[in-house]
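Here the structure comes first, spelled out in structure tokens, and everything after it is commentary.
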Amino acid sequence: MSNTALRLRVKQLYKTLLFLGRDYPRGGDFFKTRCHAAFMKNKDVSDPVEIEKLIARGEFVVKELEALYMLRKYRMMKKRYYPDG
């Protein structure tokens, strides 16, 4: 992949993470600072294979966040409809 394509994928991943981070249990600001720090830590990586690995790891984090939010929704609905169990 070209650098431009990788750059666009990284930017899209960052935007997705920031969007999902708004509902993070410890707060959006906490998530935003941690996310920014993680991206800044890897800003000097230039190997396309390594960038692909980092993007895959970021996409895994997106899936985990989505699962966390779905679990939270499920628990709230269960609590709402089954208050004793």
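Residues N42 and V45 meet the side-chain proximity criterion, which asks for heavy atoms closer than 4.5 Å. Counting heavy atoms from C-beta outward, L68 and P25 have side chains that approach closer than 4.5 Å.
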> side-chain contact (heavy atoms from CB on, under 4.5 Å) between K15 and F19: does it pass, once the steps are laid out?
Replying inline: CA-CA 6 Å; K15 288 179 184 179; F19 179 77; over 6 Å; no
> Given M40 and K43, is the side-chain contact (heavy atoms from CB on, under 4.5 Å) satisfied, shown in steps?
Replying inline: CA-CA 5 Å; M40 286 296 110; K43 72 178 182 177; 4.1 Å; yes
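How far CG of L13 is from CG of L8: 12.5 Å, rounded to the nearest 0.5 Å. Between E50 atom CD and I55 atom CD1 the span is 11.0 Å, to the nearest 0.5 Å. Put simply, CG on L71 and NZ on K78 are 10.5 Å apart, with the number rounded to the nearest 0.5 Å. Going from atom CG of L17 over to atom OH of Y24 covers 11.5 Å, rounded to the nearest 0.5 Å. Considering CE of M76 and CZ of R80, their distance stands at 5.5 Å, rounded to 0.5 Å.
Around CZ of R72, the count of heavy atoms belonging to other residues, nucleotides or ligands within 6.0 Å exceeds 12. Annotation: D23, atom CG; neighbour count of heavy atoms from other residues, nucleotides and ligands within 6.0 Å is above 12.
In this structure, R26 satisfies the cation-pi test against F30, with its NZ or CZ atom closer than 6.0 Å to the six-membered ring centre and inside 45 degrees of the ring normal.
Of the charged side-chain nitrogens involved, at least one lies within less than 4.0 Å of a carboxylate oxygen, so that R9 and E59 count as a salt-bridged pair.
Across all their heavy atoms, G21 and F31 have their closest contact at CA-CD2, 3.3 Å.
A distance-only check finds no donor-acceptor pair linking the side chain of Y74 to the backbone of Y69 [under 3.5 Å].
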